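Structure record follows, encoded as structure tokens.
Because the structure is predicted, anything quoted here is derived from the model rather than measured.
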Amino acid sequence: KIYNLADKGNSDQGLVNGLIGKIFGIKTDFHGWLKSKAAAMMLDTVTETANEQHVPAFTTLCTEQKIFNTPISPYIDKELLKHKGLCIDGSAIEKEGFKYSNPKLTKELMKAQIDFMLDQGIFPSF
């Protein structure tokens, strides 16, 4: 059998962006339907612009902190931006006795993961 594992908090992009915003002290935002539709028709330009802005900055941070090998990347492929809704129900495995030790994504859990990556030397300090 194959089981999907997913937090039980129905996490979505809004929650994740909100947590990232709180941890890093940055503003995240969503654009309206019209801008999203326009961007969807120009995914090559949108991803190129995002990558040109974020990849060099991340690379500079890593280089300055002597992080030369990391699985973390700000690069985004246009396929990841296509509207592909996804909802994973992770409840089937619970019928087998599995219990989620962290059923809901929280700021503390996300910060703990970031701290783990910092300790491993694969994420630049901020």
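Between Ser11 and Leu105 the shortest heavy-atom distance is OG-CB, 3.7 Å. Across every non-hydrogen atom of Gly18 and Thr28, the tightest pair is N-OG1, 4.3 Å. Nearest approach of Phe126 to Leu118, heavy atoms of both residues: CE2-CD1, 4.2 Å. Between Thr70 and Cys62, the closest heavy-atom pair is CG2-SG, 4.5 Å.
Contact check for Ile20 versus Met110: side-chain heavy atoms found under the 4.5 Å cut-off. With a 4.5 Å cut-off on side-chain heavy atoms, Ile67 and Phe123 do not count as touching. Tyr75 has its side chain out of reach of His54: every pair of non-hydrogen atoms, C-beta onward, lies at least 4.5 Å apart. The closest side-chain heavy-atom distance from Lys78 to Glu48 is not below 4.5 Å. Side-chain contact between Pro103 and Asp7 is absent, with no heavy atoms from C-beta onward closer than 4.5 Å. Counting heavy atoms from C-beta outward, Asp77 and Thr47 have side chains that stay 4.5 Å or more apart.
The list of side-chain hydrogen bond (donor to acceptor under 3.5 Å, both in side chains) pairs with a residue in residues 55-69, not counting sequence neighbours, reads Gln65-Ser125.
Atom CZ of Phe24 sits about 3.5 Å away from atom CD1 of Ile114, to the nearest 0.5 Å. The line from CG of Asn4 to CG of Asp89 is 8.0 Å long, rounded to the nearest 0.5 Å. Separating the CD1 atom in Ile93 from the NZ atom in Lys99 is a distance of 11.5 Å, to the nearest 0.5 Å.
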If you apply the rule side chain to side chain donor-acceptor pair (under 3.5 Å), what do you find for Glu94 with Tyr100, and how did you get there? CA-CA 8 Å; Glu94 293 178 295; Tyr100 286 93; 5.8 Å; no
